[in-house]
Amino acid sequence: MSSTTGLGYAGDVSAKSTWDALNGSPEAMLVDVRSRAEWAFVGVPVLAGIGKATLLVAWNDFDAGARVPDFLGRLNAALEAQGAGKDTPLYFICRSGSRSRNAAIEATTGGYAHCYNVDHGFEGDLDPDGHRGTAGGWKAEGLPWAQT
């Protein structure tokens, strides 16, 4: 996909496609933009099996219920610390794909050339019983994850 999609970022990809891209591209990175509480209590994608780690950069502050100031600055610092450049393929994930879509747009605006949103996120959509984790997303696709 390209950033010419008219979306303001490279596009939406499934969790499985994200896993395949992370596994197939040594430079590709996964950025989890959920809150610290979500990482601690819901879990995080585990990439150790492919020799990587998920980069954790929150979009919202759980306690304040508001967007964290200077997301792009914090993202830049975290990516620089990992040796990532503006051409590094970046895959953004949140609970369901909304915050991560916004993060992909902001990162693209900030000069990153290949920013993708993980469609349906980590937990996916609500199932008929009103639960997440079974209808799309990282967990439902059976990809590795753990609670910290």
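Quick note: numbers below take in every heavy atom, side chains included, and nothing from hydrogens, waters or symmetry partners.
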Verify side-chain contact (heavy atoms from CB on, under 4.5 Å) between Ile50 and Leu22, making sure each step is shown before the conclusion.
-> CA-CA 8 Å; Ile50 57 174; Leu22 292 166; 3.8 Å; yes
Should His131 and Leu126 be marked as a side-chain contact (heavy atoms from CB on, under 4.5 Å) after you check the CA-CA gap, both sets of side-chain angles, and the distance that decides it?
-> CA-CA 5 Å; His131 302 128; Leu126 294 172; over 6 Å; no
Indicate, with yes or no, if Leu30 and Val42 share a hydrophobic cluster defined by side-chain heavy-atom contacts under 4.5 Å among Ile, Leu, Val, Met, Phe, Trp and Tyr.
-> yes
Give, for atom CD of Glu38 and atom CZ of Arg95, the distance between the pair rounded to the nearest 0.5 Å.
-> 7.0 Å
Is there side-chain contact between Pro89 and Tyr91, with at least one heavy-atom pair below 4.5 Å?
-> yes
Test item: Thr18 and Ile93 side chains (from C-beta on) under 4.5 Å apart, heavy atoms | no
Between the CD atom in Glu141 and the NE2 atom in His120, the distance rounded to the nearest 0.5 Å is 8.5 Å
How long is the span from the CG atom in Leu7 to the CG atom in Asp12, to the nearest 0.5 Å?
-> 6.5 Å
Classify the angle between the aromatic ring planes of Phe122 and Trp145 as parallel (below 30°), tilted (30 to 60°) or perpendicular (above 60°).
-> perpendicular
So the side-chain hydrogen bond (donor to acceptor under 3.5 Å, both in side chains) pairs with at least one residue in residues 65-76 (sequence neighbours excluded) are Arg67-Glu106, Asn76-Tyr112
Over all atoms of both residues, closest heavy-atom pair of Ala113 and Asp87 = CB-OD1, 3.7 Å
Identify the two heavy atoms, one from Cys115 and one from Ala107, that lie closest to each other, and give their separation to 0.1 Å.
-> SG-CB, 3.6 Å
Give the minimum heavy-atom separation between Arg99 and Asn60, together with the two atoms involved.
-> CD-ND2, 3.5 Å
Tell me the side-chain hydrogen bond (donor to acceptor under 3.5 Å, both in side chains) pairs involving residues 20-32, sequence neighbours left out?
-> Lys16-Asp20, Ser25-Glu27, Asp32-Arg34, Asp32-Trp39
Taking every heavy atom of Val33 against every heavy atom of Ala103, the minimum-distance pair comes out as CG1-CB, 3.9 Å
Of the non-hydrogen atoms in Ala28 and Ala21, which two are nearest, and what is the gap between them?
-> CB-O, 3.9 Å
Audit row: Ser100, Asn117, side-chain hydrogen bond (donor to acceptor under 3.5 Å, both in side chains) steps and yes/no | CA-CA 6 Å; Ser100 52; Asn117 173 52; 2.4 Å; yes
With Trp59, which residues qualify under ring-ring contact (aromatic ring centres under 6.0 Å, His included), at least two apart?
-> Phe71
Looking only at heavy atoms, the pair that brings Trp138 and Pro144 closest together is NE1-O, 2.8 Å
Side-chain contact test, heavy atoms from C-beta onward, threshold under 4.5 Å: evaluate it for Leu47 versus Trp19 and give yes or no.
-> yes
According to a 4.5 Å side-chain heavy-atom criterion applied to Ile, Leu, Val, Met, Phe, Trp and Tyr, with indirect links allowed, do Leu55 and Phe92 form part of one hydrophobic cluster?
-> yes
In the single-linkage hydrophobic clustering (I, L, V, M, F, W, Y; side-chain heavy atoms under 4.5 Å), do Leu143 and Val118 co-cluster?
-> yes
